[in-house]
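Read the structure below first, then the notes.
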Amino acid sequence: MTPEGRQPNMIWLFFSPSGRITRLPFFLSWLFWLLIGGFVVAQMFANENHNTALALWTLALIVCCLVSTLSIAMLAIKRLHDIGYPGPLALCLFIPVLSPIVFIALCLWPGVNGPNEFGLRGDEPGA
């Protein structure tokens with residue numbers, strides 16, 4: 001078990017670079033942000049004739065994009081840690097030509113069995 005105070009939670013999952021996550025939480029977290037973004041864009045189209053509502057949904061889209069970009073970077077860092085690579089390689093997700101390739105690799109590449117320098121096992125905060 002992890003020590004008290006180091007339990008996995010949603011804040012750690014989405015916004016902390018420490019520890020490791022396996023393939024399924026990584027993919028589901030991406031799917032979560034995709035659905036949130038899609039919902040906001042759908043609301044923008046639904047309210048395109050209402051200026052005030054459109055402005056508020058546009059602001060919501062900007063905030064959603066900023067928060068999801070930060071979160072996706074943290075998720076990629078933890079996923080790279082699970083594979084055994086350093087976190088700065090997560091910047092490859094933001095290079096347009098490499099982004100789809102890196103995403104697919106992170107979704108399919110199995111993590112290291114047992115402990116590595118980034119944590120004891122997947123899906124828990126690091127030391």
Side-chain angles (χ1 to χ4, degrees):
M1 285 313 286
T2 57
E4 194 63 36
R6 300 294 297 171
Q7 299 296 322
N9 58 37
M10 296 307 265
I11 300 294
W12 167 78
L13 177 65
F14 286 111
F15 299 108
S16 173
S18 71
R20 300 164 52 180
I21 59 170
T22 55
R23 294 176 283 186
L24 184 61
F26 177 74
F27 179 75
L28 292 176
S29 298
W30 267 79
L31 188 61
F32 169 78
W33 286 119
L34 182 68
L35 291 174
I36 296 294
F39 172 77
V40 173
V41 169
Q43 290 301 314
M44 287 176 64
F45 282 118
N47 291 294
E48 64 185 345
N49 295 327
H50 304 91
N51 290 336
T52 306
L54 181 61
L56 290 174
W57 283 111
T58 303
L59 179 63
L61 180 65
I62 291 168
V63 170
C64 180
C65 287
L66 292 173
V67 171
S68 67
T69 300
L70 173 67
S71 176
I72 286 169
M74 297 300 119
L75 290 163
I77 289 170
K78 286 191 290 282
R79 184 70 193 113
L80 285 164
H81 286 174
D82 190 49
I83 295 170
Y85 288 105
L89 288 175
L91 293 174
C92 292
L93 274 172
F94 300 101
I95 299 172
V97 174
L98 291 178
S99 182
I101 297 165
V102 172
F103 173 71
I104 292 168
L106 290 175
C107 285
L108 298 178
W109 198 314
V112 173
N113 289 330
N116 68 12
E117 63 183 291
F118 303 107
L120 296 175
R121 58 185 162 268
D123 300 330
E124 70 177 35

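Position 1 is the first residue of the sequence; numbering continues from there.
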So, S99 side chain and P96 main chain: donor-acceptor pair closer than 3.5 Å or not? no
Any sub-3.5 Å donor-acceptor pair from H81's side-chain atoms to F118's backbone N or O? no
Polar side-chain atom of N47 near backbone of H50 as donor-acceptor pair, under 3.5 Å: no
Can you find a heavy atom in the side chain of L98 that is under 4.5 Å from one in the side chain of L93? no
Using side-chain heavy atoms (C-beta onward) and a distance below 4.5 Å, is Y85 in contact with W109? yes
When you group the ILVMFWY residues by side-chain heavy-atom contacts below 4.5 Å and let the links chain together, are V63 and I72 in the same group? yes
Does CG in N113 sit with more than 12 non-hydrogen atoms of other residues, nucleotides or ligands closer than 6.0 Å? no
Do S71 side-chain atoms and V67 backbone N/O form a donor-acceptor pair below 3.5 Å? no
Minimum heavy-atom distance between P86 and L80, given as atom pair plus value: O-CD1, 3.8 Å
Shared hydrophobic cluster for L59 and L66 (ILVMFWY, side-chain gaps under 4.5 Å): no
Specify whether F14 and W33 have parallel, tilted or perpendicular ring planes, treating 30° as the upper limit for parallel and 60° as the lower limit for perpendicular. perpendicular
For A73 versus A90, what's the shortest heavy-atom pair and its separation? O-CB, 4.2 Å
Is there a side-chain contact between K78 and P17, using heavy atoms and a 4.5 Å cut-off? no
Within the distance-only criterion (no hydrogens, no angle test), does the side chain of R20 pair as donor or acceptor with the backbone N or O of V112 below 3.5 angstrom? yes
Let me confirm one number: the CG-SG distance from L106 to C92, rounded to the nearest 0.5 Å. 9.5 Å
Aromatic centroids of F39 and W57 separated by under 6.0 Å: yes
Once you round to the nearest 0.5 Å, how far does CG of L61 lie from CG of L56? 12.5 Å
Could you go through I77 and L89, starting from their C-alpha distance and side-chain angles, then the distance that decides it, and tell me whether this counts as side-chain contact (heavy atoms from CB on, under 4.5 Å)? CA-CA 8 Å; I77 289 170; L89 288 175; over 6 Å; no
With a 4.5 Å heavy-atom cut-off, do W12 and I21 have their side chains touching? yes
So Q43 and V40, do their side chains get closer than 4.5 Å, heavy atoms only? no
Could you tell me whether the side chain of L13 reaches within less than 4.5 Å of the side chain of S29, counting heavy atoms only? yes
If you take all heavy atoms of I36 and C64, which pair is closest and at what distance? CG2-SG, 3.5 Å
Mind checking whether V102 and I95 have side chains closer than 4.5 Å, heavy atoms only? no
How long is the span from the CE atom in M74 to the CD1 atom in I11, to the nearest 0.5 Å? 13.5 Å
Side chains of R23 and F26: does their closest heavy-atom pair fall under 4.5 Å? no
How long is the gap from CH2 on W30 to CG on L35, to the nearest 0.5 Å? 13.0 Å
